[in-house]
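In what follows, a single structure is set out as structure tokens and then discussed.
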Amino acid sequence: MLQVNFIRQNRDLVIERLGVKHFKDIDLVDTIIVQDDLRKKIQSSNDELLSRRNQASKEIGALMGKGLKEEAEAKKGEVASLKNQIDINEQDLVRIEAELKSWLERIPNLPSIKVPLGKTPEDNAVVKEAGIKPVLPDGSVPHWELIRKYDLVDFETGVKITGSGFPLFKGKGAKLQRALIQYFLDFNIAAGYTEYLPPYMVNEATAYGTGQLPDKEGQMYYMPADNFYMIPTAEVPVTNIYRDEIVKEPDLPIKMTAHSPCFRREAGSFGKDVRGLNRVHQFDKVELVQLVHPDKSYAVLDEMVEHVEHLVQSLGLPYRILRLCGGDMSFASALTYDFEVYSAAQEKWLEVSSVSNFEAFQTNRMKIRFKDAEGKMQLVHSLNGSSLALPRIMAALLENNQSGKGIILPEVLHKYFGAASIE
RNA sequence: GGAGAGAUGGCAGAGCGGUCGAAUGCGGCGGUCUUGAAAACCGUUGAAGUGCAAGCUUCCGGGGGUUCGAAUCCCUCUCUCUCCGCCA
């Protein structure tokens, strides 16, 4: 959520930047400013009345103390008439503030100046492409066939137990998942991130904090009996660890990592894109979250991109890094880099990570602040990134490394997997 | 699931319906002392809105009520803790 004062002071810039995100309801910006003016006006006139009421009440107390009953009664009448106006003002204020908030919540974060113009994924800027696309041997097949061949995932039984999109990992498939999780976590911990293992269900306030609510509740699984949501990513519980907290400036940056399953309803996707592990309702992911000083967030974004890049490189997968265009970015992000790995048998790029700077958009909702050197309260900036999403990494590893002698695993996984290949 | 207790500032913990944004302790910050540190002592130390500022207003888990006036009384919701039951 943007701050009203920021919108007020930067009206033209806000409108221009929202255009980059193809935000339709531009009039909302001025509506918000007008509403905030109204809020201030009523607020200050009401404060005036409250002040008079408080004063009169004190006087009544004093009169009563002296036993001057009649004068006290006269004062009471005075207060009663103030009260009427106060009641009206307060009802107005409640309404006005609620409207203001709901409008503010509809304004997406402003895209950074580095965001490319454009509407669709085709407009994303490829900032880097690296690694060598493997030349696959004859008879190479996509990962869903390799999965069957080596008995790594039992999709049919997943359907039987739960439904489509809930893969049942099995044998070496399950072990490879575990190996990847371990490896990713260790890699992140070595870079100074603190490991967390968060709850997989969150309450409303938490889902609101990272921007899943309101509006995106349809993307999450919901447990009505307890009013909990299944997390779509560890970002949600982990970023909320510091909700409503004032952190100490020297404690920044706060670097956190967590593995969790992720649950996504992803309504309405069918067809070849959802074959195998490309798109599922439940998958595992290791996530990075940082809370940083506002002056540092773009340097930290670069650092996180580099960190994820090293991780992808260490797996020997061909990859590319995209800077998302205004139309393809998420609501809350100011700048996002996506990582895609090339899955050679499908001949497709698969998104395996998304690294974003949210600036103060999330922390304004969550009120995560610090007191700066001058003693002024400031919002910290939040960032997050995947490192990495598991099923698609597995798909690419299987497809790219298939050979007559089985799936040859990258070196870094050997000690975690306990073998150099899947045969 | 049953029974009880509680929710106050960074933490701990007081708080007759008015003088309470809130005692006290710890912690934090500044200072005195010291070669330096510790100890001791002195001072200071919540957030939000509004305003150039002085100031004014709001906030003692959330919501509602009583009252001229509520941290304090009433209702309600949520959460936490303790005991019992059940359970990985």
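Per chain, numbering begins at 1; letters A, B, ... match sequence-line order. Quick note: numbers below take in every heavy atom, side chains included, and nothing from hydrogens, waters or symmetry partners.
Across U57(B) and G15(B), the matching C1' atoms stand 24 Å from one another, rounded to whole Å. The separation of G27(B) from U35(B), taken at their C1' atoms, amounts to 29 Å, rounded to a whole angstrom. Taking atom C1' in both G85(B) and C11(B), one finds a spacing of 35 Å when rounded to whole Å. Across C29(B) and A47(B), the matching P atoms stand 16 Å from one another, rounded to whole Å. With P as the reference atom, C16(B) and C86(B) are 42 Å apart, rounded to whole Å. If you take atom C1' in U50(B) and the same atom in U44(B), they sit 26 Å apart, rounded to whole Å. Rounded to the nearest Å, the gap between the P atom of G18(B) and that of A70(B) is 11 Å. Comparing the C1' positions of C74(B) and G17(B) gives a spacing of 13 Å, expressed to the nearest Å.
Nucleotide C81(B) is matched to G4(B) when pairs are restricted to Watson-Crick or G-U wobble geometry with both distances under 3.5 angstrom. Across all strands shown, A12(B) is found opposite U24(B) as a Watson-Crick or G-U wobble partner, with both distances under 3.5 Å. Across the strands present, G55(B) finds its partner in U50(B); the criterion is a Watson-Crick or G-U wobble pair with both atom distances under 3.5 angstrom. Base pairing of G18(B): its partner is C68(B), meeting the Watson-Crick or G-U wobble criterion (both donor-acceptor distances under 3.5 Å). Base pairing of C29(B) is made with G43(B), judged by Watson-Crick or G-U wobble geometry with both donor-acceptor distances under 3.5 Å. Pair assignment for C87(B): none, as no Watson-Crick or G-U wobble contacts are both less than 3.5 Å. Using Watson-Crick or G-U wobble geometry with both donor-acceptor distances under 3.5 Å, U35(B) finds no partner in any strand shown.
Proximity note for Lys371(A) (side chain, C-beta onward) versus C56(B), G69(B), A47(B): the nearest is A47(B). In the set U50(B), U58(B), G18(B), U58(B) carries the atom at the smallest distance from any side-chain atom of Asn54(A). Looking at the side chain of Ser51(A), the nearest of the listed nucleotides A47(B), U67(B), U57(B) is U57(B). Of the candidate nucleotides G49(B), A47(B), C68(B), G49(B) has the atom lying nearest to any side-chain atom of Gln43(A). Here the side chain of Lys76(A) is nearest to one of U50(B), U58(B), C68(B), namely C68(B).
Ring geometry for His281(A) versus Tyr221(A): interplanar angle over 60°, hence perpendicular rather than tilted (30 to 60°). Ring-plane geometry between Tyr183(A) and Tyr416(A) is classed as tilted, the angle between the planes lying from 30 to 60 degrees on a 0 to 90 degree scale.
In this structure, Asn89(A) places its CG atom 15 Å from P of U57(B), rounding to the nearest Å. The CD1 atom of Ile246(A) sits 6 Å away from the P atom of G10(B) (whole-angstrom rounding). Rounding to whole angstrom units, CG of residue Leu38(A) and P of G49(B) are separated by 18 Å. Protein atom CD1 of Ile42(A) is 18 Å distant from nucleotide atom C1' of C56(B), rounded to whole Å. Distance, Gln378(A) CD to A47(B) C1': 16 Å, rounded to whole Å. Across the protein-nucleic acid pair, Leu50(A) atom CG and G49(B) atom P stand 18 Å apart, rounded to whole Å. Between Tyr242(A) atom OH and G10(B) atom P the separation is 16 Å, expressed in whole Å. Atom CD1 of Ile86(A) and atom C1' of C68(B) are 11 Å apart (whole Å).
Between Gln362(A) and Ser382(A), the side chains place a donor N or O and an acceptor N or O closer than 3.5 Å (distance only, hydrogens not considered). Between Asp295(A) and His381(A), the side chains place no donor N or O within less than 3.5 Å of an acceptor N or O (distance only, hydrogens not considered).
Around the NZ atom of Lys149(A), the shell of radius 6.0 Å holds no more than 12 heavy atoms that belong to other residues, nucleotides or ligands. Heavy-atom contacts from other residues, nucleotides or ligands closer than 6.0 Å to CZ of Arg148(A) number 12 or fewer.
Place Arg369(A) and Asn5(A) on RNA chain B by their nearest nucleotides, and Arg369(A) ends up nearer the 5' end. Of the two residues contacting RNA chain B, namely Asn46(A) and Lys83(A), the nearest-nucleotide position lying further toward the 5' end is that of Asn46(A).
For the OP1/OP2 pair of U57(B) and a distance below 4.0 Å, the side-chain nitrogens and oxygens of Arg53(A) include no atom meeting the criterion. For the OP1/OP2 pair of U50(B) and a distance below 4.0 Å, the side-chain nitrogens and oxygens of Arg8(A) include no atom meeting the criterion.
Scanning both residues, Gln346(A) and Glu399(A), for their nearest heavy atoms gives N-OE1, 2.9 Å.
Using a 4.0 Å heavy-atom distance criterion, Ile60(A) is classed as a base contact.
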